[in-house]
Structures are given as structure tokens and as C-alpha cells.
Amino acid sequence: MKINLFFVFTLIFTFSCKNNETGSNQGETTLIPFEIYERVYGVTSDIHQDDNWVYINVNSLPDHGSPYYEGTQWEESLYVPYDGSNPFVSNFILNPNRISVQNILFKIPRNPSQSSVSNPTAMGPIGFALNGVPFYNQYGAGGNPLDQEINSFDQYNGHPAPGPTGGRYHYHMEPFWLTANYGRDAFLGFLLDGFPVFGPEENGSILTSSDLDEFHGHFHENQDFPNGIYHYHLTSDAPYLNGVGYYGSPGTIN
Ligand SMILES: [Zn+2]
Ligand SMILES: [Zn+2]
């Protein structure tokens with residue numbers, strides 16, 4: 001009996017050590033508390049989850065003013081002319097698209113984990129910000145660098161896209177409205193692989209892409225994830241939000 005008890009204690013000790021060792025391992029899957037998902041607003045239906053996925057429908061309507069609300073049903077309350085304040089814009093050019101309401105379903109992994117295969121991002125939405133506005137990658141039309149398109153970003157650093165999804169407003173870079181409201185070091189949304197996105201500041205200093213890995217993120221703990229989590233950061237230098245692709249396996253967009 002004594003030996004059995006000793007065996008049991010050894011077993012328990014071994015398992016707790018193992019848990020401690022792997023508890024902050026970035027290869028492990030991470031369960032994100034549901035209340036973190038519930039911080040996303042600008043949704044068209046309730047956020048829900050099953051065992052493997054979280055389902056978030058976003059409306060893509062910015063909750064801040066924009067020159068791209070001109071001539072829309074929201075013009076009276078949300079139209080503001082470009083005010084010249086965007087530091088990335090050298091010569092503002094209003095593009096011909098105007099904001100329209102969308103209904104984009106993001107299905108993202110509930111237990112995001114590092115992928116063993118390469119998962120490059122596609123054109124179009126690659127994630128979403130807290131206000132329901134999609135994030136896009138570092139490329140403009142035709143897979144070209146954003147250099148020209150940046151001049152059509154409004155004072156909140158977004159613009160609407162042309163084409164069949166006409167008027168889908170999105171951010172390729174720091175969403176100034178959200179960082180002004182929540183802080184430049186705040187949790188700001190998710191990419192499609194279920195890993196969170198943070199602003200450009202961390203522990204009082206401003207990050208650049210050189211502080212991050214090839215996916216444009218890194219792993220450590222912060223106030224929202226005290227046990228540590230892999231996360232992306234927005235930076236002022238290219239590629240701004242994502243590097244060579246998703247760190248984890250992406251979910252789907254409909
Ligand atoms: Zn764009
Ligand atoms: Zn960080």
C-alpha cells in the first residue's frame with residue numbers, strides 16, 4: 001500500500017511538472033476565454049462557438065467618421081471630410097468607392113495553435129478589428145505594395161474596396177480610432193487563424209517589424225492573456241500587420 005501511494009504521488013508530481021513545463025510552450029494550443037471574443041462589436045448577429053470554432057459576423061461599418069460615408073445613408077451622422085491628419089498619407093485622393101454594410105462570417109479556431117505548414121494570406125479580409133471592420137494584408141490591388149493606395153486612407157487609416165464587394169471598408173494598418181480609444185498597446189482584434197492582434201506599443205515602447213518574427217508576431221504574456229499567447233502586432237513599417245502568412249491554421253470567411 002505504501003509503495004502504491006508513493007507511486008501515485010510520483011505520478012501526480014511528474015504530471016504537474018510536465019504541465020508547468022509545457023504551460024507556456026508556444027507549440028501548445030490556447031483556449032481563449034469567450035469574453036475576449038465578446039469584446040468584438042460591429043457584429044450582425046450574436047457571437048457563438050462550438051467545440052472547435054468561434055463564429056463572428058461583422059458588418060464592416062466603421063463606428064467613426066469617414067469621407068467615404070459621403071452620399072450614403074449614414075452621411076448625416078458619419079460623413080466627415082478628410083482632415084489631413086493621417087501621417088502615412090502624403091497626398092490624399094478620395095477613391096470612388098463608398099462605404100456599404102456587409103455581412104462577413106468569420107469562423108476562427110477556438111484553440112489556435114502553430115501550423116506546421118505555410119498558410120499565406122489571401123487578398124480580402126484576413127481578420128477583423130474590434131469594431132467589426134476587416135483587416136486586409138500588406139498588398140493592394142494586383143498584389144502590389146500599398147504605396148499608392150495609402151494615399152486613399154482616411155484620417156482613421158482605412159478605406160473602402162471596389163469590386164463585387166463594393167464599399168467594404170477595411171484597415172491594412174493601425175486603426176487609429178481604436179488605438180485612440182483603447183490605447184496603442186491594446187488588444188484590437190483577431191486574424192483568421194484565431195490569434196489576437198495588438199497595437200504597436202508594448203511595455204511603453206513602440207515596436208517595429210524587426211522586433212517580430214516572419215509572421216509579424218511573437219509569444220509572451222500580457223494583461224489580456226496572463227498565461228501568454230502568440231499574437232500579432234501592428235507596426236508603422238511594412239508589412240504592418242502580417243508577414244509571410246498566418247502563424248496558425250486559418251479558419252474560413254463567408
Ligand atoms: Zn485596401
Ligand atoms: Zn507582444
Side-chain angles (χ1 to χ4, degrees), residues 24 26 30 32 36 60 62 66-68 86 88-89 92-100 102 104 112 121-129 133-176 179 182-191 195-243 247 253:
S24 60
Q26 45 181 308
T30 314
I32 296 176
I36 301 258
S60 192
S66 171
Y68 292 106
N86 189 327
F88 298 106
V89 172
F92 180 72
I93 301 160
L94 192 77
N95 81 24
N97 314 310
R98 295 295 176 268
I99 294 167
S100 68
Q102 310 281 316
I104 311 166
T121 58
M123 300 300 282
I126 66 165
F128 51 89
V133 170
F135 285 125
Y136 276 34
N137 68 15
Q138 67 273 39
Y139 302 112
N144 295 311
L146 283 174
D147 307 14
Q148 291 307 309
E149 284 195 18
I150 286 176
N151 277 327
S152 68
F153 292 178
D154 63 20
Q155 54 267 53
Y156 297 106
N157 226 10
H159 70 169
T165 55
R168 182 188 281 157
Y169 190 86
H170 58 274
Y171 305 117
H172 297 264
M173 294 161 70
E174 178 181 344
F176 292 146
T179 49
Y182 296 97
R184 294 194 81 201
D185 58 352
F187 160 67
L188 297 175
F190 287 99
L191 290 197
F195 285 109
V197 173
F198 282 78
E201 190 178 315
E202 192 152 76
N203 301 322
S205 51
I206 301 295
L207 302 176
T208 67
S209 297
S210 65
D211 298 309
L212 306 166
D213 67 16
E214 57 180 334
F215 305 98
H216 218 250
H218 58 189
F219 182 101
H220 59 78
E221 74 286 347
N222 58 34
Q223 57 182 15
D224 297 296
F225 300 94
N227 297 322
I229 192 168
Y230 185 85
H231 55 279
Y232 301 98
H233 278 282
L234 287 144
T235 62
S236 294
D237 63 324
Y240 314 115
L241 169 57
N242 180 259
Y247 177 78
I253 299 167

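The shown structure was predicted, so the numbers you read here are calculated from the model rather than taken from an experiment. Both backbone and side-chain heavy atoms feed into the values below; hydrogens, waters and symmetry mates do not. Start at 1 with the first residue, then count along the sequence. Numbering of ligands and ligand atoms starts at 1, following listing order.
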Quiz item: With the Zn ion (ligand 1) at the center, what angle do NE2 from His159 and NE2 from His170 span, rounded to 10 degrees?
Solution: 90°
Ignoring hydrogens and angles, state whether a donor on the side chain of [X] or [Y] is under 3.5 Å from an acceptor on the partner side chain.
X      : Y      : answer
His218 : His231 : yes
Tyr230 : Asp213 : yes
Asn157 : Asn86  : yes

Quiz item: NE2 (His231) to the Zn ion (ligand 2) to NE2 (His220): angle, nearest 10 degrees?
Solution: 90°
Practice problem: Specify which N/O/S atom of Glu202 comes nearest to the Zn ion (ligand 2), by atom name. | Solution: OE2
Quiz item: Side-chain contact, heavy-atom cut-off 4.5 Å: Glu174 with Pro200?
Solution: yes
